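Okay, so here's the structure we're looking at.
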Amino acid sequence: MKLPSFEYLRARSLAEAWALHSDAGGDAVYLSGGHSVVPSMALRLQAPSRLIDISQIAELHGVELQDQTLRIGAMTRHAEVLANPLIARHAPLLSRAAPHVAHPAIRNRGTIGGNLALADPASEFPAAVLAMRAELEVMGPEGQRMIAADDFFLDLYETALIPGEVLTAIHVPLPPEGRLFGFDEIARRRGDYAMVGVAAQADMSDGVVSDASVTLFSVGVAPTRATAAQDALEGAPLSSDSIARAQAALATDLDPPDDPGFPAERRLQLARVLLGRVLTRMEAVQ
Amino acid sequence: MKVLLSTTVNGEQVQEAVLPRTSLADFLREDLGLTGTHLGCEMGACGACLVLMDGVPVHACLVLAVQAEGSTIETIEGLNETGAAADLQAHFHDRNALQCGFCTNGMLMSAQALLEANPVPTRDEIRDALSGNYCRCTGYEAIVDAIDTTARDRAARTEAAK
């Protein structure tokens, strides 16, 4: 369908974006790549009276190495996430997630900031930033906030952003030498929404897992940290035994939706299978 | 309220006042009469509306015309004029890689962009590049063949020119 009518305004600075947002009395949506906003308007899921184009605001651009983190500007498009060597080196879960995000033409326009702010429960990047224990840099009229990924994704399409705030960047803590990473998803066709997905990382010390971070997506209303599976891996060597314990622990971590076409038990089983594959590959590369 | 848009389409500078709700696809088709950009799903799923924006394929149904401010757009008409994809089109024809033809222009856009980025892709890479292009006549095998043949032909010609 064609989009409903709206007013289009281009913000050249964050201050201008906030002013335009507050001026619209909250009936405004920020536009970066537009690849969720535009189809949602075509489908009449929302009809804001104003779109504020934030794509040209300097603070949202660039990928740069900072003291302790890699700062990825919110306007970084998926295709750039896929190709950027700094991201490949310091935030490899994002590079590995990117080929699974929609199709090539979508990746040329969609932005990581827009993706995270939308918080689709079947989306790859939210689970990846959760697994990497990234922090989200948010700027609003009241100032800057850093929000841990664990506190950002609250519910179905619901984040910790308050109206008017702009997600400006993602800060990924620089990984220590030897950290293991794993990412995969099960989808019927390439580019489809995942039926279930896993993002994981683990640090090893003296042959045992010293810090495991395991997240899943498309298993509920938001990306989910599998704390029981993490506990099952912690303090043991990465082996078929510990992997089996982590798989079993998913029954505690997950409470997938029960759909007539996709029963909860089947989704849980797919999650177990996929977690097993991902961890086994991590075991093989260590 | 209309917004003044200034952009380059198939090498020509264009200035038009557009409504913000106008998609790039509708702007190309209705304001400029470039109807080679097809509209299927209008929600970014089918790939019939792909055009090259600053050199990379994008869904013209998901880009607002006003977002193309300052950009360079190339449509299937532009490819026809320059002849840049003439061999690709010939191979589509030879291999019967189109039935109704509705998806073909989008397929050509994806294929042309793929071959520029990756001159000799594997068949899997071709399929991956086409994952956002639907052909409801289900002629995928022939389409992959045509792109594969074009890639090998172009590579052989490059090699022969050395």
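Predicted, not measured: the structure shown is a model, and the values here were computed from it. Letters go in sequence order (proteins before strands), and every chain restarts at 1.
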Check whether more than 12 heavy atoms from other residues, nucleotides or ligands sit under 6.0 Å from atom [atom1] of [X], and answer yes or no.
X	atom1	answer
B:E12	CD	no
A:R188	CZ	no
A:Y193	OH	no
A:R12	CZ	no
A:R89	CZ	no

Please look at [X] and chain A and tell me whether the side chain, the backbone, both or neither of the residue comes under 4.5 angstrom of a heavy atom of that chain.
X	value
B:M43	both
B:S23	neither
B:L114	neither
B:M109	neither

Quiz prompt | Candidate pair B:L62 and A:R109, rule side-chain contact (heavy atoms from CB on, under 4.5 Å), full reasoning | solution = CA-CA 9 Å; B:L62 292 190; A:R109 290 291 297 170; over 6 Å; no
Quiz item: Closest heavy-atom contact between A:A105 and B:H59?
Solution: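 That closest heavy-atom pairing would be CB-CE1, 3.5 Å.
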Self-check item: Distance-minimising heavy-atom pair for B:E42 and A:M1
Solution: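 Looks like CB-N, 3.9 Å.
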Given side chains that start at C-beta, do those of [X] and [Y] come closer than 4.5 Å, heavy atoms only?
X	Y	answer
B:V58	A:I106	no
A:F6	B:L19	no
A:R77	B:V56	no
B:Q67	A:L31	yes

Quiz item: Side chain, backbone, both or neither: which part of A:P99 has a heavy atom under 4.5 Å from chain B?
Solution: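 Contact with chain B involves no heavy atom of A:P99 at all.
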Exercise. Would you confirm whether A:N108, through its side chain, and B:P57, through its main-chain N or O, come within 3.5 Å as a donor-acceptor pair?
Key: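 Flag set: sc A:N108 to bb B:P57 pair under 3.5 Å.
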Quiz item: B:R21 and side-chain contact (heavy atoms from CB on, under 4.5 Å): which partner among A:V38, A:L51, A:L3?
Solution: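 Only one option passes, and that is A:L3.
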Exercise. Output the option from A:R10, A:K2, A:E7 having the highest count of non-hydrogen pairs under 4.5 Å with chain B.
Key: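 Maximum pair count with chain B is reached by A:K2.
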Quiz item: Relative to chain A, which of B:L50, B:L130, B:N133, B:V63 shows the most heavy atom pairs under 4.5 Å?
Solution: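 Of B:L50, B:L130, B:N133, B:V63, B:V63 has the most heavy-atom pairs under 4.5 Å with chain A.
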